[in-house]
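These numbers come from a predicted model, not from an experiment. Just so we're on the same page: letters track the sequence lines, and every chain starts at 1.
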Amino acid sequence: MRHMPDPKLPEKRWSIDLEKSIQEEHYADKNLYNRRYAFNPESGKELFVVDTPPPYPSGTWHIGAVAQYSMIDVIARSQRLLGKEVFFPWGVDRNGINIEFTVEKNTKRKMKTYERAEFLKLCESTIETFTQAMRDTARRVGLSCDFDREYLTDAPDYRSVTQSIFVELFKKGDIVEDLRPNIYDPVEGTTIADAEVERLPRKTKLVDVRWVCEDGEELVISTTRPEMICACGVVVVHPDDERYRHLVGKSVHLPLETAGRSTTVPVMQHPSVKSEFGSGILMVCSFGDQNDVAVFRELGLTPFQAIDLDGNMTEVAGPLQGLSVLEARKQATLMLEQQGALVQVVEREQEIPVSERGKNPVEIILLKEWYVRQTHIQDRMRELIEDITFHPPRNRQFLIDWMDNISIDWPISRRRWYHTEIPIWYSEDERRVVVPPAGSYVQPWRDSPPDGSRVLDRITREDLGSFEELKSSLGTITGEEKVFDTWMDSSNSNLFVSGYLNHPDVFERAFPTALRPQGKEIVRTWLYYTLLKSTLVLDQPGFQHVWIDGLGMDPWGRKMSKSLGNGIDADSVLECGAGGRTGSWKVKGPDGSVSLQANKIGSECFRLWKACDAQVGDDFQINPEEIEKKYFGVLTKLFNVARFASQFEVPENLEVVPAELAPEDMWILAEFQSTMDHVRMAWENLDIYTATQALKTFGTGLLPSHYLEMVKSRLYDDDKAAAWTLHRIVRDFMSAFSPVCPFFTHHVSATVYGASAVEVDAFPSPPLPELNPGTDEGRRLCSLSTTLQDFNGRTWAAKKEAGISLNQPIENMPIPDELGEFSATLTRMHHLV
RNA sequence: GGGCUCGUGGUCUAGGGGUUAUGACGUCGCCUUCACAUGGCGAAGAUCGCCGGUUCAAUUCCGGCCGAGCCCA
């Protein structure tokens, strides 16, 4: 046997250390990096802008989110491979109450005890350290973002867009100020949106209170909020409830003392009453819950303001004035008891609404706040989103469901600090407002209006003239102190990355934004609000495609959370195997603590796992042991195929098909072209799963097990056609596979073929179009594959049966007639006699 | 309490009205050493959550129930 040249790929196998050194090289050379991945709108290619979810830096990055980002990267890379000019932005969402909490916790001081400017500085420096950790993880998992164009939602350029959009919508009348019931967190002192409310189970006391009608009839009403009696506007019963029909129209006395209001309320009918709950009679207060809000609105009642901004009872509560809500509740119960109006108290489990971030029980109170009008535009939004392709299609339903529930406008003002400021000043008489010109970022709590600001009528929004001219007539102006809800910022992300305001020429070509990838848990917030903005501002659908992924779960299918102790750190998985260190994780399972171990994972294996293991939209279980077991072997196999190929000389020109291809070369090319056709279509459809599965099946199955075994001897004999076929397939395979494993394929292709797979900007074309799927010859050759695999398998099995090694001759293995064209090859391969 | 989604060998997963239900991991047996034991061949292992209905035929369609997840009240 003659000595074979050393393989061009020197490493014996794929390793995490190799992966890391390739990665470091990849990110170190900035010029090269930008040439590969930076957005160049002038390239002449079709634009494909990805509205990357800007992560919120809060210490560690959740592994489920990192997995999702790696798939967004796969999409970005696959679109580049298809020849698109991809903008894969890297943005970081840094506004918000979370960082305020972190600073409060770190310094053990409440926000409002600081100077506002001082507190903002603390927030900014704290969030910057978290941001840096996130940038590192982004590179470690291989994201090909345009990092030089990083945007931060707390930076002036981003905030100016938010402010400009506010001014625009205010002028159009789509943003209004109003005194309305608001969900309010009295502990944090801020309004919050519907979407930020969650429910926690808590024990509460349900008290049955005796009320007395004008005519002396007594009725019993159950309530968990006796302190709200002072804000009661009406007592209601169900229209079908025979028991109480006679009460309708009567007046009942409030069972507690109040101040400055009528001491009786009417009894009316309302269908929202649950007749089987308690006595079936409901007191409606401003505001015990959302249903109360609806009843007040529907019956046209004037609400009372019973709770102030600090969460204390107001004047209307009479003797309870000044008490906190909880104290007032106790006191009210006590007073009812003393008056003999208390029938009974029952302890029960109830889900109470709390703020998502502070976990404080929220109140619904009347406040003057800023709102984005949204109820009037739902029908138009529905029409516009028809044009958006959802991946998977069924996840469109999450959005529709949420939209079905929209009944009130979106409150966007918050009484917090580390957020974008509401860009408005009020005249001394409060009838006029000053707004800044488009493109500027202002902080009205400390700045004066900049040049170019306009004066508007506060109610009619009529433009009264420039601020410079009218300045003296406004009196002392007051800057707005409130800020925006963070969704007001992040729902501009697609506009921002598509060039809105900043790059009008790009925006024209890039909008609707090609792709919004995100998790399904923020459909009702991020996706919904973004689409709302696109509708209000541009009357367009915000996106061409929306790709909604499932959630990362623990190995038992449960949500990962701190309280369950079942979290897995992203970096530990990506670094598993580096420097020979193994990974081990202690995870709390349903039956106690479980120890998981893996030897090597890294980014390529991690990405391959996510690409192969779950379809988009499905929740996925994250188990490092399984990731390694199921997918590291695939990398090893593919690496070995490439390494094996790399010992044979690479033909001068891989584009020119040799004249003398053998039948098995034609066969594998037909199979390869069929695979590649599937892969190309899958990449076009943003279908990562199908593309990766097809490549994996071909690359670890037919190619090595059957084709390589068939042509080995030809390769050793220096057969040019076999070498050409193998190299052409390996090279193009690496290109098609590069979106999933960019560093792996880069290494192989750059080392063996001198051109990196990550730079390929056209999907590899089939070398023999006459063998494409759909052609007769292509179909014929592919149809032989089953028979061929079956024959090879039977032969190997027969040798095993006979106890002989694979390179021993074997008798009585007739080659099936269909495989006639391969008979010489098969005879030589199996040593058939 | 409501809505939506999901429920396929031990584990994860493909599929879809019709003869023996896909693949992977794991398990077991055997093989090999001239690309690859991080390999190859083979075997065992599923009443496709449960109960009804539609149908000549359902795991696949419909309804109910149970379980999981997300969201809402």
Side-chain angles (χ1 to χ4, degrees), chain A residues 1-4 6-7 9 12-15 194-195 197-199 272 274 276-277 289-291 294 351 353 392-407 519-525 528 548 550-559 577 590 599-600 605 609 612-615 617-623 625-648 689-690 693-694 696-697 700-701 703-706 708-709 712-713 715-716 726 730 789 792-808:
Chain A
M1 184 159 303
R2 95 194 161 85
H3 176 73
M4 293 308 301
D6 288 335
L9 281 170
K12 290 212 95 164
R13 56 183 60 112
W14 181 251
S15 71
D194 231 11
V197 176
E198 64 173 42
R199 281 166 188 267
S272 68
K274 285 185 193 132
E276 65 287 356
F277 185 83
D289 57 30
Q290 288 287 6
N291 185 54
E351 296 218 316
R394 65 169 192 269
N395 278 4
R396 179 195 298 269
Q397 201 57 43
F398 293 128
L399 179 66
I400 303 286
D401 286 350
W402 174 243
M403 288 176 60
D404 285 342
N405 285 317
I406 299 285
S407 60
K520 68 181 180 189
E521 75 283 9
I522 49 175
V523 167
R524 66 187 173 136
T525 49
Y528 171 75
I548 300 177
L551 273 47
M553 300 293 188
D554 81 357
W556 301 273
R558 305 171 306 170
K559 191 178 176 174
N599 293 319
K600 53 211 169 310
C605 182
W609 156 74
C612 277
D613 218 51
Q615 294 258 35
D618 289 347
D619 293 344
F620 50 96
Q621 301 187 4
I622 304 174
N623 183 340
E625 283 188 0
E626 289 213 345
I627 296 175
E628 178 186 27
K629 274 182 202 147
K630 292 169 81 160
Y631 296 104
F632 205 87
V634 175
L635 288 179
T636 305
K637 189 73 184 173
L638 295 176
F639 191 82
N640 270 314
V641 171
R643 188 166 182 271
F644 174 73
S646 79
Q647 68 190 307
F648 306 105
Y689 180 89
T690 303
Q693 286 285 345
K696 182 185 140 211
T697 303
T700 62
L703 179 68
S705 300
H706 298 275
L708 283 190
E709 295 301 333
K712 247 181 194 173
S713 49
L715 288 167
Y716 290 133
L726 177 58
V730 170
Q789 289 175 84
N792 286 337
R794 275 191 290 119
T795 310
W796 289 321
K799 288 193 176 180
K800 188 192 84 180
E801 192 81 9
I804 57 179
S805 80
L806 292 183
N807 50 15
Q808 294 292 304

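Residues passing the side chain to side chain contact (heavy atoms under 4.5 Å, CB included) test with A/Ala645 are A/Leu726, A/His727, A/Val730, sequence neighbours excluded. Scored by the ring-ring contact (aromatic ring centres under 6.0 Å, His included) test, A/Phe644 finds A/Phe648 as partners (sequence neighbours excluded). Scored by the side chain to side chain donor-acceptor pair (under 3.5 Å) test, A/Arg13 finds no partners at all (sequence neighbours excluded). The salt bridge (Lys or Arg N to Asp or Glu O under 4.0 Å) test applied to A/Lys520 returns A/Asp619, not counting sequence neighbours. Residues meeting the salt bridge (Lys or Arg N to Asp or Glu O under 4.0 Å) test with A/Lys696, sequence neighbours left out: none.
A gap of 13 Å separates the C1' atoms of B/U8 and B/G23, to the nearest Å. Between B/G17 and B/G53, the distance separating the two C1' atoms is 15 Å to the nearest Å. Annotation: B/C28 and B/C6 have their C1' atoms spaced 33 Å apart (nearest Å). Across the C1' atoms, B/C66 and B/G49 are found 8 Å apart, a figure rounded to whole Å. With both ends at atom P, the span from B/G15 to B/U55 equals 29 Å, rounded to whole Å. Only the P atoms considered, B/G26 is 25 Å distant from B/G7, to the nearest whole Å. When the C1' atom is compared between B/A58 and B/G18, the two are found 9 Å apart, to the nearest whole Å. Nucleotides B/C70 and B/A44, compared at atom P, are 40 Å apart to the nearest Å.
Distance, A/Asp613 CG to B/G23 P: 17 Å, rounded to whole Å. Between A/Lys600 atom NZ and B/U38 atom P there is a gap of 8 Å when expressed in whole angstrom units. Atom CD in A/Glu626 sits about 8 Å away from atom P in B/C12, given to the nearest Å. Whole-Å rounding puts the A/Ile627 CD1 to B/U11 P distance at 19 Å. Taking atom CD on A/Gln693 and atom P on B/A14, their separation rounds to 9 Å, with Å as the unit. Residue A/Lys696 contributes atom NZ, which lies 13 Å from atom P of B/U13 at whole-angstrom precision. If you measure from atom CG of A/Asp401 to atom P of B/G2, you get 15 Å, rounded to the nearest angstrom. Taking atom CG of A/Asn395 as the reference point, atom C1' of B/C6 lies 11 Å away to the nearest angstrom.
Side-chain atoms of A/Gln621 never come within 3.5 Å of backbone atoms of A/Met553 as a donor-acceptor pair (strictly under, hydrogens ignored). Using a distance-only test at 3.5 Å, with no hydrogens or angles considered, no donor-acceptor pair links the side chain of A/Gln789 to the main chain of A/His706.
B/U33: no Watson-Crick or G-U partner with both key distances under 3.5 Å is found in any strand. In this entry B/G18 has B/C56 as its Watson-Crick or G-U wobble partner, both defining distances falling under 3.5 Å. Pair assignment for B/G67: B/C6, on the basis of Watson-Crick or G-U wobble contacts that are both within less than 3.5 Å.
Heavy atoms of A/Tyr689 sit under 4.0 angstrom from primed sugar atoms or phosphate atoms, though from no base atom. Within 4.0 Å (heavy atoms only), A/Lys712 reaches at least one base atom of the nucleic acid. Within 4.0 Å (heavy atoms only), A/Pro704 reaches at least one base atom of the nucleic acid. Looking at heavy-atom distances under 4.0 Å, A/Gln621 makes contact with sugar-phosphate atoms alone, never a base.
Of the residues near RNA chain B, A/Arg13 and A/His706, the one whose nearest nucleotide (by heavy atom distance) lies more toward the 5' end is A/Arg13. Mapped onto RNA chain B by nearest heavy atom, A/Trp14 and A/Arg794 fall at different nucleotides, with A/Trp14 at the one closer to the 5' end.
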Between the protein and nucleotides 67-69 of chain B, list the N/O to N/O atom pairs that are separated by less than 3.5 angstrom.
residue	atom	partner	partner atom	Å
B/G69	O2'	A/Asp619	OD2	3.2

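Remark: A/Lys630 is not in phosphate contact with B/G23, judged by side-chain N or O atoms under 4.0 Å from OP1 or OP2.
Between A/Tyr631 and A/Asp613 there is a side-chain heavy-atom pair separated by less than 4.5 Å. When side chains are defined from C-beta on, A/Trp402 does not count as touching A/Thr525, because their heavy atoms never get closer than 4.5 Å.
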